[in-house]
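Residue indices begin at 1 and follow the sequence shown. What you see below is based on every heavy atom in this structure, not just the backbone, and it leaves out hydrogens, waters and symmetry mates.
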Amino acid sequence: MATTIPAALWARVDKTPEGIAFPAAGGLPAVTWSQYGQRIRESAGALAALGVGRGDVVALLLSARREFHWLDLAIASLGATSLSIYATT
């Protein structure tokens with residue numbers, strides 16, 4: 001059994017790579033668990049290249065979009081913490 005959220009994510013990616021993580025909605029295509037995992041890996045790599053690592057805090061200013069979820073998990077996968085900032089009008 002996974003003991004962290006990132007570990008649970010990777011277990012799910014390994015178990016059902018072709019399963020649907022995000023259904024098609026609002027004109028966006030469906031995303032499989034494999035594709036979702038790849039986006040998280042790419043985002044984590046980019047953040048690590050910028051120096052983000054264990055113990056860091058990364059602020060996210062995003063609207064309600066799919067990208068929030070994979071950035072949040074990319075940050076957690078690096079051992080960092082995400083801080084959500086919500087814009088209001």
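Taking a 6.0 Å sphere around CD1 of Ile20, one finds it holds more than 12 heavy atoms contributed by other residues, nucleotides or ligands.
Side-chain atoms of Tyr86 and Leu62, non-hydrogen and from C-beta on, never get closer than 4.5 Å to each other. For the pair Phe22/His69, a side-chain contact is recorded, criterion being any heavy-atom separation below 4.5 Å from C-beta on. Between Arg54 and Leu78, the closest side-chain pair of non-hydrogen atoms is not below 4.5 Å. You'll find the side chain of Leu47 reaches within 4.5 Å of the side chain of Ile75, heavy atoms only.
Between the side chains of Ser43 and Arg39, no donor-acceptor pair is found at a separation under 3.5 Å.
A side-chain donor-acceptor contact under 3.5 Å links Gln35 to the backbone of Thr32. The backbone N or O of Gly53 lies less than 3.5 Å from a partner atom in the side chain of Asp56, making a donor-acceptor pair. In this structure a side-chain-to-backbone donor-acceptor pair under 3.5 Å is present from Thr4 to Ala7.
Rounded to the nearest 0.5 Å, atoms CG (Asp72) and CD (Glu67) are 13.0 Å apart. Between the CZ atom of Arg41 and the CH2 atom of Trp70 there is a distance of 14.5 Å, given to the nearest 0.5 Å.
The minimum heavy-atom distance linking Val13 with Trp33 is given by the pair CG2-O, 3.5 Å. Residues Ser77 and Pro6 come closest through the heavy atom pair OG-CB, 3.8 Å. When all heavy atoms of Leu60 and Ser82 are compared, the pair lying nearest together is CD1-CB, 4.0 Å. Annotation for Leu9 and Tyr36: closest pair CD1-CE2, 3.9 Å, computed over non-hydrogen atoms.
Using a 4.5 Å cut-off between side-chain heavy atoms of Ile, Leu, Val, Met, Phe, Trp and Tyr, with links allowed through other members, Leu83 and Leu73 fall into different hydrophobic clusters. In the hydrophobic clustering of this structure, Ile5 groups with Val52; members are Ile, Leu, Val, Met, Phe, Trp, Tyr whose side-chain heavy atoms approach within less than 4.5 Å, directly or through other members.
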